[in-house]
K.L.:
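Quick one: this structure, given as structure tokens, is what I'll be asking you about.
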Amino acid sequence: MRFLYHPDRKDMTLPGVLYALGDPVRLEIVRLLATRGEQCCAGFDFAIAKSTMSNHFKILRESGVVLTRKEGTQHINSLRRNDLDTLFPGLLNAILLAAQPLEICAAAKEAIAIANN
């Protein structure tokens, strides 16, 4: 089994967390984890390559934003809210309040518009 690196709380940095949250896809992952709770990687339906999604999760994990654990063949992700709130009080709440849902697929938007006409 491959080791998944997670930084200790003392090794988490503000620039690293802000970098991880600075990408719209990663921010949407965090927003969904905050609203839905734990999710496996396959539970995110983004119209991007699997390898790209893996890289996004790696950046979130290695910055300390998410915790990933393995259950069988699944990778289950959760926010490290306690660690983030301890190190950077109010940061995650402020970012999540300002975050707007990401429009993931233009085709889905077009389908909704057609259905409403």
K.L.:
Do you know which two heavy atoms are closest between Arg36 and Gly43, and how far apart they sit?
P.N.:
NH1-O, 4.2 Å
K.L.:
Just how far is it from atom NZ of Lys70 to atom SG of Cys40, taken to the nearest 0.5 Å?
P.N.:
14.0 Å
K.L.:
Are there over 12 heavy-atom neighbours, none belonging to Asn82, within less than 6.0 Å of that residue's CG?
P.N.:
no
K.L.:
Counting only N and O atoms by type, is there a donor-acceptor contact under 3.5 Å from the side chain of His6 to the main-chain atoms of Thr68?
P.N.:
yes
K.L.:
When you look at Asp85 and Leu91, which way does the side-chain contact (heavy atoms from CB on, under 4.5 Å) test go after all the steps?
P.N.:
CA-CA 7 Å; Asp85 287 343; Leu91 176 69; over 6 Å; no
K.L.:
In terms of hydrophobic clustering (I, L, V, M, F, W, Y; side-chain heavy atoms under 4.5 Å; direct or indirect links), are Leu14 and Leu87 co-clustered?
P.N.:
yes
K.L.:
Same hydrophobic cluster for Val30 and Leu67, using side-chain heavy-atom links shorter than 4.5 Å among ILVMFWY?
P.N.:
no
K.L.:
With hydrophobic residues grouped by side-chain heavy-atom distances under 4.5 Å, do Phe44 and Ile76 end up in a single group?
P.N.:
no
K.L.:
Closest approach of Ile29 and Phe57, non-hydrogen atoms and distance?
P.N.:
CG2-CE2, 3.7 Å
K.L.:
How far apart are the C-alpha atoms of Asn77 and Cys41, what are their side-chain angles, what is the distance that settles it, and do they pass the side-chain contact (heavy atoms from CB on, under 4.5 Å) test?
P.N.:
CA-CA 7 Å; Asn77 300 283; Cys41 292; 3.3 Å; yes
K.L.:
State, with a plain yes or no, whether a side-chain heavy atom of Leu32 is found less than 4.5 Å away from one of Gln39.
P.N.:
no
K.L.:
Please answer: with hydrophobic residues joined when any side-chain heavy atoms are less than 4.5 Å apart, are Leu27 and Met12 in the same cluster?
P.N.:
yes
K.L.:
Looking at Thr35 and Arg31, would you say the former's side chain and the latter's main chain have a donor-acceptor pair under 3.5 Å?
P.N.:
yes
K.L.:
Is there a side-chain contact (heavy atoms from CB on, under 4.5 Å) between Leu33 and Glu38 once you walk through the steps?
P.N.:
CA-CA 6 Å; Leu33 287 173; Glu38 280 190 334; 5.8 Å; no
K.L.:
Taking Tyr5's backbone N and O only, do any of them form a donor-acceptor pair with Arg61's side chain (distance below 3.5 Å, no angle check)?
P.N.:
yes
K.L.:
Dump the intermediate steps for side-chain contact (heavy atoms from CB on, under 4.5 Å) on Leu4 and Arg69, then the final yes or no.
P.N.:
CA-CA 8 Å; Leu4 296 174; Arg69 62 182 167 77; over 6 Å; no
K.L.:
Working to the nearest 0.5 angstrom, can you tell me the gap between Ser54 OG and His75 NE2?
P.N.:
8.0 Å
K.L.:
Kindly give the heavy-atom pair with the smallest separation between Val65 and Ser63, and that separation in Å.
P.N.:
CG2-OG, 3.2 Å
K.L.:
How long is the span from the CG atom in Asn93 to the CZ atom in Phe88, to the nearest 0.5 Å?
P.N.:
14.0 Å
K.L.:
Mind checking whether Ile59 and Tyr19 have side chains closer than 4.5 Å, heavy atoms only?
P.N.:
yes
K.L.:
What is the distance from atom CG of Leu60 to atom CG of Leu79, rounded to the nearest 0.5 Å?
P.N.:
9.0 Å
K.L.:
Does any non-hydrogen side-chain atom of Val17 lie less than 4.5 Å from one of Arg80?
P.N.:
no
K.L.:
Taking atom types as modelled and ignoring hydrogens, do the side chains of Arg26 and Asn55 form a donor-acceptor contact shorter than 3.5 angstrom?
P.N.:
no
K.L.:
Hey, does the side chain of Asp8 reach the backbone of Lys10 with a donor-acceptor pair shorter than 3.5 angstrom?
P.N.:
no
